[in-house]
Amino acid sequence: MTSTTGTQGIDALVGTREIASPEAMEALGEEMGRMLRPGDMVVLTGPLGAGKTTLTRGIGRGLNVRGPIQSPTFVLARTHPSLDGGAPLVHVDAYRLGSAAELDDLDIDFDGSVVIVEWGRGLVDGIRDHWWDVELEREWHGRGVDNACGTIGHEADLDADTPRLVKITRRGPAR
């Protein structure tokens, strides 16, 4: 599949910024949502608690879709229809997927939707001609535990108001 959208999507937001709170992360998402169009895809990468779902909640508000927006971990993908005739939001959790073929097998309307893929780095090549990669880093300041096994300690600390670093990069051919 290829994207045929002629919009600039979130190109104006490409770069790195520090986000101070969950409310600011959601506000960034809302700004992104107002800029995204059908056919656009955003890949979110970051550790547990970095703000991927919070950012997606804001994107959903910017797109004016039906909620609530929650992590689709157990269902793999959730579609949130538009409340005003715009593009639906498809929110994918690709953590358990092993390849782009498995992502493609979800039968998502990539051309008619705005697609947000958590944990999708390395899985979207060939699905779209271009997409935006959003990397979220959380500052630990000695709080919480996040390891390769997915074990978390001090879960309340994962949502604490510690700054996040958000880097937005455009992937795929230049326009």
Side-chain angles (χ1 to χ4, degrees), residues 1-15 17 19-97 100 102-121 123-124 127-136 138 158-159 164 166-172 175:
M1 276 183 208
T2 59
S3 173
T4 57
T5 181
T7 66
Q8 294 298 311
I10 59 172
D11 284 348
L13 299 177
V14 166
R17 63 197 34 82
I19 303 296
S21 68
E23 295 79 18
M25 184 70 75
E26 200 164 326
L28 173 62
E30 185 172 359
E31 181 179 6
M32 291 170 70
R34 288 191 304 264
M35 302 168 98
L36 292 167
R37 300 292 175 257
D40 286 343
M41 182 165 57
V42 178
V43 175
L44 304 179
T45 303
L48 293 171
K52 295 180 296 294
T53 300
T54 301
L55 183 69
T56 304
R57 191 173 302 118
I59 290 170
R61 192 169 59 225
L63 288 168
N64 194 28
V65 298
R66 188 174 69 210
I69 294 182
Q70 303 165 333
S71 179
T73 301
F74 298 105
V75 295
L76 298 180
R78 261 194 190 102
T79 299
H80 298 274
S82 174
L83 295 171
D84 61 11
L89 169 66
V90 178
H91 185 194
V92 180
D93 185 324
Y95 185 78
R96 295 181 294 161
L97 300 180
E102 288 182 12
L103 178 61
D104 197 37
D105 283 346
L106 294 177
D107 201 28
I108 295 168
D109 178 8
F110 288 101
D111 290 329
S113 305
V114 171
V115 180
I116 307 299
V117 184
E118 293 188 26
W119 306 101
R121 186 175 280 164
L123 295 178
V124 299
I127 300 287
R128 306 304 292 155
D129 286 339
H130 78 274
W131 64 94
W132 290 272
D133 185 77
V134 179
E135 185 167 1
L136 296 93
R138 64 182 326 277
L158 289 176
D159 292 325
R164 269 63 166 168
V166 177
K167 180 180 180 184
I168 301 173
T169 309
R170 182 184 176 83
R171 301 287 185 208
R175 292 186 185 225

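Residue numbers start at 1 and run along the sequence shown. This one's a predicted model, so the numbers in the text were calculated from it and none came from an experiment. Just so it is clear, the values below take in all heavy atoms, side chains as well, and ignore hydrogens, waters and symmetry mates.
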At their closest point, which heavy atom of [X] faces which heavy atom of [Y], and how far apart are they?
X: L123; Y: L103; answer: O-CD2, 3.7 Å
X: R121; Y: V43; answer: N-CG1, 3.4 Å
X: A100; Y: I127; answer: O-CD1, 3.7 Å
X: P38; Y: A87; answer: CG-CB, 3.6 Å
X: M41; Y: F110; answer: SD-CE2, 4.1 Å
X: T79; Y: P88; answer: CG2-CB, 4.1 Å

Find the distance between [atom1] ([X]) and [atom2] ([Y]) and round it off to the nearest 0.5 Å.
X: I168; Y: I10; atom1: CD1; atom2: CD1; answer: 5.0 Å
X: H80; Y: H91; atom1: NE2; atom2: NE2; answer: 7.0 Å
X: R57; Y: E30; atom1: CZ; atom2: CD; answer: 13.0 Å
X: I59; Y: L36; atom1: CD1; atom2: CG; answer: 6.0 Å
X: L63; Y: S113; atom1: CG; atom2: OG; answer: 10.0 Å

Side-chain contact, heavy-atom cut-off 4.5 Å: [X] with [Y]?
X: L97; Y: L76; value: yes
X: D11; Y: M35; value: no
X: V166; Y: V134; value: yes
X: T54; Y: E23; value: no
X: R78; Y: V90; value: no
X: E26; Y: L28; value: no
X: L89; Y: I69; value: yes
X: D40; Y: V42; value: no

Item to check | Salt-bridge criterion met for E135 and K167 (N-O under 4.0 Å) | outcome: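 Looking at K167 together with E135, the answer is no, because their closest N to O distance does not fall below 4.0 Å.
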
Next on the checklist: For the CZ atom on R66, are there more than 12 heavy atoms of other groups (residues, nucleotides or ligands in this structure) within a distance under 6.0 Å?
Outcome noted: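 Counting neighbours around CZ of R66, 12 or fewer heavy atoms of other residues, nucleotides or ligands fall under 6.0 Å, so no.
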
Can you tell me if [X] uses its side chain to pair, donor with acceptor, with the backbone of [Y] under 3.5 Å?
X: K52; Y: P47; answer: yes
X: R37; Y: R34; answer: yes
X: S82; Y: D84; answer: yes

Item to check | Residues H130, R171; criterion side chain to side chain contact (heavy atoms under 4.5 Å, CB included); working and verdict | outcome: CA-CA 5 Å; H130 78 274; R171 301 287 185 208; over 6 Å; no

Item to check | W119 and Y95 aromatic ring geometry - parallel, tilted or perpendicular at 30°/60° bounds | outcome: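 Y95 and W119: perpendicular rings.
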
Checklist entry - Looking at D133, D104, D111, which one forms a salt bridge (charged side-chain N to carboxylate O under 4.0 Å, His left out) with R128? => result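 Of D133, D104, D111, salt bridge (charged side-chain N to carboxylate O under 4.0 Å, His left out) with R128 is met by D111 alone.
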
Item to check | CA sep, side-chain torsions, deciding dist, call: T53, E118, side-chain hydrogen bond (donor to acceptor under 3.5 Å, both in side chains) | outcome: CA-CA 8 Å; T53 300; E118 293 188 26; 3.0 Å; yes

Next on the checklist: As a quick check of understanding, evaluate side chain to side chain contact (heavy atoms under 4.5 Å, CB included) for V92 and L106, giving each step before the final call.
Outcome noted: CA-CA 9 Å; V92 180; L106 294 177; 4.1 Å; yes

Item to check | Worked verdict on V115 versus I108 for side chain to side chain contact (heavy atoms under 4.5 Å, CB included) | outcome: CA-CA 8 Å; V115 180; I108 295 168; 3.8 Å; yes

